[in-house]
Colleague: 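Take this structure, written in structure tokens, and hold onto it; I'll ask about it next.
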Amino acid sequence: MEGGSPGRVSLGSGRKQSSASSSRSRQQGSSSHACKDFLSKFVDNEILTLTLEDWLSGRSDESGVQQPVLDVPFNLTELKKFDYALEGVAFQQLVRMPNALYASTDAVQAIAHLAIEDFLHAAVKGLWERFWGHESALPFTVQCIHSTSARFYPAEEALARDKLDGVCATAILFKGSRGSGGYSSSRGKWDQIVELALLRPDIGSLSTRQNDGQRPSHSVLGEALFFALRVMLSRSLSKSRTAARNSNCMYVLLVDSQYGGVVKVEGDVRTLEFDSSNVYDCAADWIKRNAKITVSPVDRVWNKLGNANWGDVGTLQILLAIYHSIILFCGPPKYELEDLATEHSSRIQSRRSERALIDCSEAGDSTSMVNGNRIFRSQNRGCSPEIVEVQEEIVDVRPPEENLKLDIGSVVAMEDADFQKEYEIHDILSDSDPPIYHSTPVDEPSRGYLLYVGSSPSHLEPAWEDMNSWYQVQRQTKVLTLMKQRGLSSKHIPQIVASGRLVHPGECNKPSNGVSCGHPWCGTPILVTSPVGETVSNLIRNGLFGVEDALKCCHDCLTAISAASSVGIRHGDIRPENVIRVTSGSRNPHFVLIGWGRAILEDRDRPSMNLFYSSTFALQEGKLCAASDAESLIYLLYFACGGVSIELDSVEGALQWRESSWSKRVIQQRLGDVSAVLKAFADYVDSLCGTPYPIDYDIWLRRLRRVINEDHGKEIDTSG
């Protein structure tokens, strides 16, 4: 970029990319070498743009591929939801964007590069803290890319070295976390690029008007495609699996001193023909035939003072692109976008309370709807129109005794449509959410059951913990009922004994069309299941989980996973608290997989996110693959058998621990110290992680039974 104009970007070869050496990489050495050779010659954006010119313009070319229909990456509904989720986030760009970027003076150019760096830093920092939390350090940095050396510098360093004229792009780089396997060098590499921003002086003025708004010119779009493909190829060659697995998607930002837009490129770069003698035709052919390109309208980002319009469409498009790019490298956020967006309604309600507004429809006003929206009027209708001082009252905000806490010896009465039954609490098996109690019916003290108590529907608004507790009890009831309806019966899966609602003290005046009478405990869901046992977490804590337990736990949990998958159900939350050892009522102790409250019934369901026990695919994609439950079982066995306990405080750290542990065979070696079959099973699961291929349960259950029978001289019960 000379003097602020796009011109021709010719990238130097820079530091050579290393070939992928991950144990899970599927690239052969020859194809990796061909890709590296191709990438070293793919350095001139202008040649690629000229090659694509006819295609982008809709004129026929030799390929015969029709002009692309460029859809938008984000629709207005997505942007509105994202806007709601960002309410209250204080983005702050300290270096203002100069309004006269077209005046190609060195001073204006320098400020523009400093401003775009500061804008990207403010954006990625605000999004990280909003969605991933303040607990872990920001794993990103922002640097400029120099065209001749393809090296990375902060804009201030480029300015000090008098290299600003050669800056061709600004990048958000993934640096990882200190001490968790992140990138060691402070200098950026191409496979670390999370997102690129191209600062050009004519994004808004040269854009073309289309039905859905202004679109970037073909020259700028061609340059964006060039950079997107370079980054995707660099990622595919990366030693880091975090980068390599994201080689099929790239966002490029297009900005000038006022306007901005987003280009998203998706496609499998492994399908690109690596002909090093004809790199630009090969690249153009791949873009035409194999890439999916979406382009946002060019919209206003900065106002006349150089401040970003954080809540406007142009800036929201850029922020949403950065948000999705972060997910690619760090996995799903700690705080879901949908959950944060739903808080918008509660904030509106709080604002109405501040303004002392009441719902006109509740007041019997027939004119309470205007254009489909409910209207509100002031509660103080008889007040003077003058502004008056309101005396602040001291309000006791201490919450009433609302949360139901059960102690040993407590008696809980449950009712459903047909009967009422009382259960006495004998032990608190787990203080998880929801807590699990060991209970016995008052009229049948010889029988033991697990009892789950959720939260009352009246508690769901103020606390997510209560919402989670209520949901898990309701959901587990649904899942276990569904299993029964589908004919699933296994002694390694709990059975429903009863389900209903808590009977609270006093008279219940619940209306016929309501869920609660107003009592804090009214409507609290209860689930009773069988059998009863001791959780694996307690066994580990007390040093009672041995080699035989590890083998039987693996066999029995795998039996439960297999049985559930046969009827289209996956557990999604396998951890020591959700496995119990049952010793009574059976010839031999056996294990039961409990806690089906986060089970996956269909694709839109989301599994539980646990930094220690969730599968790699669940942390990356927010959903399960065919081997996810088995992978979680491997982590359970690893830690139960004395695996080194580590401190994990972020999804990124958890993914890096998994990558390091599998590649160094730490998990396999630990399980191999217990049993060769567990080591072999871990290797098998490792080969299937993240793939659509199903687990062959039968062969591994047979191998586990054979080892258990040989080692301990007694037949394992296979009736379950």
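These numbers come from a predicted model, not from an experiment. Just so it is clear, the values below take in all heavy atoms, side chains as well, and ignore hydrogens, waters and symmetry mates.
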Colleague: Are the side chain of Ser236 and the backbone N or O of Leu233 linked by a donor-acceptor pair below 3.5 Å?
Modeller: yes

Colleague: Do Trp302 and Gln93 get their side chains close enough for a donor-acceptor pair, meaning under 3.5 Å?
Modeller: yes

Colleague: Measure the acute angle between the ring planes of Tyr153 and His146, then classify it against the limits of 30° and 60° as parallel, tilted or perpendicular.
Modeller: perpendicular

Colleague: In terms of side-chain heavy atoms, does Ser219 have a donor or acceptor partner in Ser217 at a distance below 3.5 Å?
Modeller: yes

Colleague: Donor-acceptor pair, distance only, cut-off 3.5 Å: does the side chain of Arg241 make one with the backbone of Glu659?
Modeller: yes

Colleague: Got a sec: does the CD of Glu647 have more than 12 other heavy atoms crowding it under 6.0 Å?
Modeller: no

Colleague: Tell me if the centroids of the rings in Phe91 and Phe119 come within less than 6.0 Å of each other.
Modeller: no

Colleague: Between Cys282 and Asp275, what is the shortest heavy-atom contact and its length?
Modeller: SG-CB, 3.5 Å

Colleague: Considering only heavy atoms from C-beta outward, does the side chain of Cys249 approach that of Leu328 to under 4.5 Å?
Modeller: yes

Colleague: Under 4.0 Å between a Lys/Arg side-chain N and an Asp/Glu carboxylate O for Asp191 and Lys189?
Modeller: no

Colleague: Does the cation-pi check pass for Arg658 over Tyr635, that is, NZ or CZ under 6.0 Å from the six-membered ring centre and within 45° of its axis?
Modeller: yes

Colleague: State, without any angle test, whether Ser57 and Glu53 hold a side-chain donor-acceptor pair at a distance under 3.5 Å.
Modeller: yes

Colleague: I'd like to know whether Leu50 forms a side chain to side chain contact (heavy atoms under 4.5 Å, CB included) with Tyr280, so could you lay out the CA-CA distance, the side-chain angles of the two residues, the decisive distance to 0.1 Å, and finally the verdict.
Modeller: CA-CA 10 Å; Leu50 289 173; Tyr280 297 100; over 6 Å; no

Colleague: Any donor-acceptor pair under 3.5 Å linking the side chain of Glu195 with the backbone of Ser325?
Modeller: no

Colleague: Side-chain contact, heavy-atom cut-off 4.5 Å: Leu320 with Val262?
Modeller: no

Colleague: I need the Leu127 CG to Ile322 CD1 distance, nearest 0.5 Å.
Modeller: 6.5 Å

Colleague: Any chance you could measure Leu79, atom CG, to Leu319, atom CG, to the nearest 0.5 Å?
Modeller: 10.0 Å

Colleague: Can you name the residues that form a side chain to side chain contact (heavy atoms under 4.5 Å, CB included) with Gln669, not counting sequence neighbours?
Modeller: Arg665

Colleague: Rounded to the nearest 0.5 Å, what's the gap from CD on Gln192 to OG on Ser234? Could you check?
Modeller: 11.0 Å

Colleague: Is a donor on one side and an acceptor on the other found under 3.5 Å between the side chain of Thr51 and the backbone of Ile47?
Modeller: yes

Colleague: Any side-chain heavy atom of Ile326 sitting closer than 4.5 Å to one from Phe131?
Modeller: no

Colleague: Would you check if the side chain of Asn75 reaches a backbone N or O of Thr77 as a donor-acceptor pair within less than 3.5 Å?
Modeller: yes

Colleague: So, the side chain of Ser614 versus the backbone of Leu611: is there a donor-acceptor pair under 3.5 Å, distance only?
Modeller: no

Colleague: Yes or no on side chain to side chain contact (heavy atoms under 4.5 Å, CB included) for Ile293 and Ile287, after CA distance, side-chain angles and deciding distance?
Modeller: CA-CA 8 Å; Ile293 304 166; Ile287 290 171; 3.7 Å; yes

Colleague: Could you tell me whether the side chain of Val194 reaches within less than 4.5 Å of the side chain of Val124, counting heavy atoms only?
Modeller: no

Colleague: I'd like to know if the side chain of Ser615 pairs up with that of Ser628 as donor and acceptor (distance under 3.5 Å, no hydrogens or angles considered).
Modeller: yes

Colleague: Got a second to check how far Leu254's CG is from Arg200's CZ, nearest 0.5 Å?
Modeller: 9.0 Å

Colleague: What distance separates Leu48 CG from Asn45 CG, expressed to the nearest 0.5 Å?
Modeller: 8.0 Å

Colleague: Nearest 0.5 Å, please: how far is CD in Glu78 from CG in Leu316?
Modeller: 12.0 Å

Colleague: Let me see the working for Phe74 and Thr294 under side chain to side chain contact (heavy atoms under 4.5 Å, CB included), right down to the final yes or no.
Modeller: CA-CA 9 Å; Phe74 317 115; Thr294 51; over 6 Å; no

Colleague: So with a 6.0 Å cut-off around CD of Glu156, is the heavy-atom count from everything else above 12?
Modeller: no

Colleague: Run the numbers on Ser240 and Phe329 for side chain to side chain contact (heavy atoms under 4.5 Å, CB included), then give the verdict.
Modeller: CA-CA 11 Å; Ser240 167; Phe329 277 77; over 6 Å; no

Colleague: Taking the six-membered ring for Trp, are Trp190 and Phe227 parallel (under 30°), tilted (30 to 60°) or perpendicular (over 60°)?
Modeller: parallel

Colleague: Looking only at side-chain N and O atoms, does Glu631 offer a donor or acceptor that is under 3.5 Å from a partner on Thr616?
Modeller: yes

